[in-house]
Amino acid sequence: MSDRYIHKEIEAKWQASWEKQGLHDTVEAPDKPKWYALTMLPYTSGDLHTGHWYAMTPSDAAARFRRMNGYNVFFPIGFDAFGLPAENAAINNNIHPQEWTYKNVERMRGQLRRMGAMWAWDREAITCDPEYYKWSQWFFRKLYDMGLAYREYAPVDWCPNCNTTLAREQVWGADRHCERCDTPVIKKDLNQWKFRITNYANELLDNLETIDWPEPVKVMQTNWIGRSDGADVTFTTEADDPIEIFTTRPDTLWGATFMVLAPEHPLVAKITTDERRGAVAAYVEQASRLDEITRTAEDKEKTGVFTGGYAINPVNEERMPVWIADYVIMTYGTGAIMAVPGHDQRDFEFARKYELPIRLVVQPPSDSEAGHIRCADDLESAWPGPGVMINSGPLNGAPVGKGEGESVKAAIAWLEENQKGAGALNYRLRDWLISRQRMWGTPIPIIFCAKCGTVPVPYADLPVRLPDDAQFKPTGESPLNYHEGFRYVKCPNCNGDAERETDTMDTFMCSSWYQYAYVDPYHKAGRPLSADDMPWDSARGDYWLPVDQYTGGIEHAIMHLLYTRFFTKALQDMGVVDFDEPMLRLFNQGIILGPDGERMSKSRGNVVNPDEYVDRYGADTVRGYLMFIGPWDHGGPWDPSAIEGVNRFLHRVWSVVVDEPNPKNEEAPPPTDDDVRSLERKLHQTILKVTEDIGGFRFNTAIAALMEFNNYLIRVKNTFGALESRASRPTAQPIWQESIRTLLLLMTPIFPHISEELWQRARNVIERRNDARRSDPDGCPDTDGETWSVHLQSWPQADPEKAKEDEVTVVVQVNGRVRDKLNVASNIATEKLEAMALASANVQKWMNGKQVRKVIVVPDKLVNIVIG
RNA sequence: GGGUCGGUGGCGGAAUGGCAGACGCAGCGGACUUAAAAUCCGCCGGGUUGAUUACCCGUGUGGGUUCGAAUCCCACCCGACCUACCA
């Protein structure tokens, strides 16, 4: 055993020892409060990068902190294993995706072990294991039975590079590119499976209030769900065909002067007059092509074309021209709008361009910037703001707004009374498209039979296994199409010839329920399933669920976090769970950047390999450094030289605990009562600070407090004497030992290895001196049944009384400027403090005989004398 | 265009109404060493000053509230992220 801190000698040793002791094995202990700490599962890319360390090691520190605070903590790990990279690697290297994936899993397990985290390896789950995905299929089947999974022939977003469809959530940015490869997506008409997430739109929105999640995530989900409050109104064409519209401003119905349909609207063909047919067809053609190239195009210039047809405004029977324009889109609302150019900017621009009538129905308030507006001709742009209703029949005089007695409510009441429409909610959220035309995913358990139609695979026949020998040509069709043994099957109903669904599921399906799988991975392995099954052991589930603390990146704010919430709500309706939110608390860490301050990427050449640093400095240093950079939710650049500071700190801690003090100081006077009191105060102040900071994920300031405490211990080490000489200094000895033990306990969540090593060493020294039990020379725990691991110790408790300062420095200000400082006993009487401040020579100098107007005294902090 | 978060020494950051710059990095000076590394000690926002326990300036910009503002309010500038013809 070395007397110096050599991380290579201790980290692997303790990792092996903890595993041997079963320190991180999962036990459902009903007598203890449980804590389910979850960090987002890694994809099996084959390499754990710095971002993983940045996400996972603080999560581990928080979990360990909970454990030391008396919780039975579950901190599981697994692998998100299906998906495109495996398939692409397979195509490029002619290796089966499964082989590639499991090789990566093997490598990543090793890398994860080196973190020294308290992973519950006994509950590991890999999503591409048939015993895992059989439950993904079971969930699909359940959703199908509940009518929450359906197949639809409709235009979908298609990535021509990945050769697959994408969910709306996977299409990013104004240019609508693929989330994974940045290729602009195109539209295709395809038969695809979807989940009815929109059934839960309202619940997904309202329940956000019940969970402790970061505000930005809540805002993003709120915007994504996009609830609009308004009314459905039915217009009619002159041929008596209904045109349904949705509007958030039913109060402006009397200001509608024309209608606009999306080019794809089903009524376009019928309403178009013969003389307009050519122009309309050309525009529809142009719009659809635009759609396929780049739908957004910079020009905000509105375009459109008149159909020749007219519709009747139900509120005033006015005849209004019907146009088509691509600024109206089929996928929101009903694909048709009433145009109110006076009060909607888009309609205004369109009306001005095509010389359509504009009507003012809201009189802007006279004190607003539009106060001069008297008629539509005065408008330079639409007025969407407040005012009073005019030119609007029964609504005239109503104040504009959505409240009681205000215009929108009045309009809805009028519509409902006259049976022309009704109040309605509309959502931006679309159903979740889960079909993927790729091979490396969970097969969708559906069979198409010529006679029986769409037949779900019976529960007892699950899993539908991926064939081991499938080809994966990138053709744009599902590769499983080409596997005859997979594709052609007998119908489970009639035993006639049938074909399997050959699309696979979006991988977000696998990660939507993995937190449940961890509780009891591969439940019922090897046994047939039924509709009445529970997907995990219910006793275990009842104990651990739901997740208490989730940690992960903001990039999943919408996709994964919305899907898993939807899944949980569906599971609740299935009767599988009895709660409605999967994760009670969420923390989003920031992004660790390259040394150049840019996102790490191979092309930039700024990728930091954590393994190199773990080799050089050890896992404890890398963990501590990542937590010390700054607030965890800020992220920030990796500074290769700053990591030295944390490493030096660990060496200094080692030295404080292990090294003998300078023998020259043997003759130094023993510590005074004041020395003891100061050390005790510093100790309890540090406990308070570190406890509060780790509890709030403020690891950076927790580490700063630990450094400060250690610096203090270095300064007083010689005063408190050598280990051997402590015996001669009985008053000092207990507080010094308590300080060392407490420092190690406070360091444990963040620096698990060195804390354990020094904990054992400090214990050995104490025992040797007490001539008590001899401990195992390799530092392994005793075999007498008492567990000595530092990780099983209780978190130190601070005594606020002992943390209090006896003496404080009070700042004396004159007119807000510091002019003197007074060292006084804490809790000094206000009057006394004021008198002392006024008597100060420095203060007298600045008062210069002027009148004292006011004296502000903040106890134990400051006196401000206002003169003038 | 809309939304969210942010702007503090050479750098990462601390302080969220009460001494701005904790803790660390880098830098400078010194001790130890044949030398270097490591380690240890000291200095480290700017200015006035020989030096100060002395004074002034200083938290993106301008204004406000307050005895007192990095912190609260208003306006603006800059940056990051999200979102985008949503009727």
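The structure presented is a predicted model; accordingly, all values stated were derived computationally and were not measured. So that the names make sense, note that chain A is the first sequence line, chain B the second, and so on, each numbered from 1.
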Asker: Can you tell me how far C1' of B/rG7 sits from NE2 of A/His634, to the nearest Å?
Answerer: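 Taking atom C1' of B/rG7 as the reference, NE2 of A/His634 is at 11 Å.
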Asker: I want to verify the glycosidic state of B/rG9; is it syn or anti under the 90° rule?
Answerer: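 B/rG9: syn.
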Asker: Nearest-Å distance, CZ (A/Arg648) to C1' (B/rC41)?
Answerer: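 Going from CZ in A/Arg648 over to C1' in B/rC41 covers 15 Å.
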Asker: Looking at B/rU33, which nucleotide sits across from it as a Watson-Crick or G-U wobble partner, both distances under 3.5 angstrom, or is there none?
Answerer: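 Partner of B/rU33: none found under 3.5 Å.
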Asker: Report yes if a side-chain nitrogen or oxygen of A/Trp846 is closer than 4.0 Å to either non-bridging phosphate oxygen (OP1 or OP2) of B/rC55; otherwise report no.
Answerer: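 A/Trp846 to B/rC55 OP1/OP2: side-chain N or O found under 4.0 Å.
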Asker: How many Å lie between CZ on A/Arg599 and P on B/rC81, as a whole number?
Answerer: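 Atom-to-atom, A/Arg599 to B/rC81, this comes out as 7 Å.
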Asker: Among B/rG24, B/rG13, B/rC81, which nucleotide has an atom closest to any side-chain atom of A/Phe628?
Answerer: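 Looking only at side-chain atoms, A/Phe628 lies closest to B/rG24.
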Asker: Taking a pair as Watson-Crick or G-U wobble with both distances under 3.5 Å, which nucleotide is matched to B/rG9?
Answerer: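 Pairing partner: none.
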Asker: Would you say A/Arg819 reaches B/rG68's phosphate, i.e. side-chain N/O to OP1/OP2 under 4.0 Å?
Answerer: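 Result: no.
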Asker: Using atom C1' in both nucleotides, what's the gap between B/rU4 and B/rC11 to the nearest angstrom?
Answerer: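 About 27 Å, rounded to a whole number of Å.
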Asker: With rounding to whole Å, what would you report as the distance between B/rA26 and B/rG17 at their C1' atoms?
Answerer: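 Looking at atom C1' only, B/rA26 and B/rG17 are 34 Å apart.
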Asker: Mind checking the CD1-CE spacing from A/Ile754 to A/Met747? Nearest 0.5 Å is all I need.
Answerer: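 A/Ile754 atom CD1 to A/Met747 atom CE measures 5.5 Å (nearest 0.5 Å).
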Asker: For A/Asn223 and B/rU4, is the shortest distance between a side-chain N/O and OP1 or OP2 below 4.0 Å?
Answerer: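 No, because none of the side-chain N or O atoms of A/Asn223 sits under 4.0 Å from OP1 or OP2 of B/rU4.
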Asker: Do the side chain of A/Glu179 and the main chain of A/Val171 share a donor and acceptor less than 3.5 angstrom apart?
Answerer: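 The answer is no, because no donor-acceptor pair under 3.5 Å joins these two groups.
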Asker: Find the partner of B/rA51: check Watson-Crick (N1-N3 plus N6-O4 or O6-N4) and G-U wobble (N1-O2, O6-N3) distances, both under 3.5 Å, and reply none if neither fits.
Answerer: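 Looking at the geometry, B/rA51 pairs with no nucleotide.
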Asker: Between A/Val171 and A/Lys845, which is nearer to the 5' end of RNA chain B once each is assigned its nearest nucleotide?
Answerer: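 It is A/Lys845 whose nearest nucleotide is closer to the 5' end.
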Asker: At less than 3.5 Å, do the side-chain atoms of A/Lys861 and the base atoms of B/rC19 form a donor-acceptor pair?
Answerer: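 Side chain to base: no pair present.
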Asker: For A/Gly630 and A/Arg346, take the nucleotide of RNA chain B holding the closest heavy atom to each; which residue's nucleotide lies nearer the 5' end?
Answerer: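 Upstream on the strand: A/Gly630.
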Asker: Is the NZ or CZ atom of A/Arg652 both under 6.0 Å from the centre of the six-membered ring of A/Phe649 and within 45° of that ring's axis?
Answerer: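 Pair A/Arg652/A/Phe649 does not count as cation-pi.
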Asker: Using only side-chain N and O atoms of A/Thr701, determine if any of them is under 4.0 Å from OP1 or OP2 of B/rA22.
Answerer: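 No, A/Thr701 has no side-chain N/O under 4.0 Å of OP1/OP2 on B/rA22.
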Asker: Within the 3.5 Å criterion, strictly below it, is a donor on A/Asn647 or A/Tyr625 matched to an acceptor on the partner's side chain?
Answerer: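 The answer is no; no qualifying pair exists.
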Asker: Scan side-chain atoms only and decide if A/Glu244 and A/Thr334 contain a donor-acceptor pair under the 3.5 Å cut-off.
Answerer: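 No.
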Asker: Determine: side-chain N/O of A/Arg168 to OP1/OP2 of B/rA84, distance under 4.0 Å, yes or no.
Answerer: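 So the side chain of A/Arg168 is within the cut-off, an N or O lying under 4.0 Å from OP1 or OP2 of B/rA84.
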Asker: Give a yes or no on whether a donor-acceptor pair under 3.5 Å exists between the nucleobase atoms of B/rC19, that is its base, and the side chain of A/Lys821.
Answerer: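 Answer is yes: a donor-acceptor pair is held.
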Asker: Checking base pairs now: Watson-Crick or wobble, both atom distances under 3.5 Å. What partners B/rU65?
Answerer: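 By the stated definition (distances under 3.5 Å), nothing pairs with B/rU65.
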Asker: Take atom CH2 of A/Trp638 and atom P of B/rC11, then tell me their distance rounded to the nearest Å.
Answerer: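 Nearest whole value for this atom pair: 21 Å.
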